[in-house]
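The structure appears below as structure tokens.
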Amino acid sequence: MMREKIRLAITNAIREQYGDIAMPDFSVAPPENPAHGDYATNAAMALGKVARKNPMEIAEQIRSDIAGSDWIEKVEIAPPGFINFFLSERALQDALADLVARPDAWGKSDIGKGRTVMVEYFQLNIAKRPHIGHIRSAIIGDALKRMFLSQGYHAVSDTHVGDWGTQFGILLLGYKEAGASLHLKEIAKDPFVELEEIYLAENERIKHDPARRELAKQEFVKLEQGDVENHKIWQWMVMVSMKNLQQSAARLGLLPFDEHRGESFYEDKMAPIVEAALQRGIAEKTDDGAVIVDLTSEGLDEAVLIKSDGASTYLLRDLATIRYRKEHWDFWKNLYVVDVRQSHHFKQVFRVAELLGFEGVGESRHIEYGFMSLPTGAISTRAGNVISLESVLDESGERAQKVIAEKNPDLADAAAVARKIGKGALKYFDLSHHRRSDIVFQWDAALSFEGNSGPYLQYAHARLKSILRKVQSSTFESRASGRGKSKVEMKDVGMDSLEHRIAAAVLRFPETIEDALADFTPNTLANYLYNLAKLANEFYHSHPVMQEQDGAKKQFRAWFVAAVAATLANGLSLLGIESPEEM
Ligand code: ARG
């Protein structure tokens, strides 16, 4: 990585001048204005404070130490002590040549080797239809898993399916009420229709007859105590719902999950935790028989482990989960991609786990995200219903198909391309926003071929690929196909300033992945790709490849196009977005 190289050079220069002075924190990043160089650092200012010296003087020392290197074109200093680095053409071309020789490896590393990252996302609830609220978790979680895998981490995904809890009491009671009219297998066609109806109808009954709430609670308690009939009904609900979960995951194009440990999995792992908490005085029994951890003095309210009716809580299951994951996977990080409404819940979980002395709490993080909603009327649903995940996917495919029919009616395999565009548009819309922001999904913006959208990036890539196809089929012998065995020698072809900017931008790809992973923010990568696509379009319009008469220049440009195309395709793939060759 270029950034690392510069960082190291700065550190060495400082060591040379100042011996083992405490190295201050400093940044190395591209300056806002590209005219100020490819990278800039505040190292001299940071050191100025520690060493009590004029930053301009320090900057000058660093500059003179580094300036001679062959990978640097020049180093400039700007008050009050910024140092700006301009990479040499040689350095840019060498790095690009490596990239073009092995495009598939571009962006990958093994930095994470030997480290296990748990990523939990797409936590569907059994017996409830997946809805628009589950989409962001799926898309963000899947992108994080892909990025971690690309850096050599052992990424383990888990859905933590919601298959336990008092809502099953309601379902069981309702199921029994529907009684003779229902048979476990017969309603399996669209089980969600039935299950939804059972759930809604029972809730309706409870509203009018509050005594039924107690009955529902008892049904769940019976389930927890191993009642055979209840267990059988529950199992059936899990089975049909899981089938649907797999289908939705496949339609979204998610990587396969490594685990589907539902909340029920932790049933027998909870009692020892409650015991330990009571024994060590962390938890207390209330008068009505509940078990709570009082966190009010820390502003975190009471954390309930066991309810007064004896039922375990969602929170207790999460405590058992942390412990299991640490023991079973010995994770380096444990990530929960869950919407922001649950941040209080996770604060409680982490705090109680800490009090209990669990390992792995410090490495556990709630990766919170904001809401995604649709403008009203964007999808028609049955009144009062949430928008289902399926209907969003259907809609995006249909809309993409219309766009393709309009833009490129002769496209071969239009249906398959439309699916890629539809899914890509949805994912990109989500991932281009910071995960914490609330977003209103706009079909037109998401599916537009212009602006910061999935199709815009896919289209930029497809255009570059079309140039490469033309170059390859012409008499011109291209080594830019990515299969070139030898390094392409480009010594005599100078770069203009746009080419320099694009090359430097391409080389920031690995650093961008690193940054995106540091804060678990896929939008860092999405927005980098958008800027690269914009540069690529500028290049496309001002630097013709096929028409170029100068053979060396033509080859150089083709080679350049290959580098940018590989970066866009690899980057999109890390976001879970496919790049059609044509569109
Ligand atoms: N199924 C839960 C819900 O719908 C989300 C699960 C989040 N993950 C966790 N480990 N608590 O609210």
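Counting starts at 1 for both ligands and their atoms, following the listed order.
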*Determine whether the side chains of Glu395 and Trp443 contain a donor N or O and an acceptor N or O closer than 3.5 Å.*
no
*Side chains of Glu219 and Asn230: is there a donor and an acceptor less than 3.5 Å apart?*
yes
*Would you check whether Arg317 reaches within less than 4.0 Å of ligand 1, judged by its heavy atoms?*
no
_Which of the numbered atoms in ligand 1 are under 4.0 angstrom from any heavy atom belonging to Tyr336?_
10 (N)
*Carboxylate-amine/guanidinium proximity below 4.0 Å for Glu202 and Arg212*: yes
*Using a strict 4.0 Å cut-off to heavy atoms of Tyr314, name the atoms of ligand 1 that fall inside it.*
2 (C), 5 (C), 6 (C), 7 (C), 8 (N), 9 (C), 11 (N)
*Glu4 atom CD, neighbour heavy-atom count above 12 within 6.0 Å*: yes
*Between Leu173 and Ala216, what is the shortest heavy-atom contact and its length?*
CD2-N, 3.9 Å
*Does Val161 approach ligand 1 within less than 4.0 angstrom via side chain, backbone, both or neither, non-hydrogen atoms only?*
neither
*Return the option from Val338, Asn125, Ile322 holding the heavy atom at the smallest distance from atom 4 (O) of ligand 1.*
Asn125
*Check the surroundings of atom CD in Glu450: do more than 12 heavy atoms from other residues, nucleotides or ligands lie under 6.0 Å from it?*
no
*With heavy atoms of Glu120 as the reference, note each atom of ligand 1 found under 4.0 Å away.*
7 (C), 8 (N), 9 (C), 10 (N)
_Closest non-hydrogen atom pair between Leu295 and Ala303, with its separation_ = CD1-CB, 4.2 Å
*Within a distance under 4.0 Å of any heavy atom of Asp318, pick out the atoms of ligand 1 and give their elements.*
9 (C), 10 (N), 11 (N)
_Identity and separation of the nearest protein heavy atom to atom 12 (O) of ligand 1_ = Gln342 NE2, 2.7 Å
_Any Thr321 heavy atom less than 4.0 Å from ligand 1_ = no
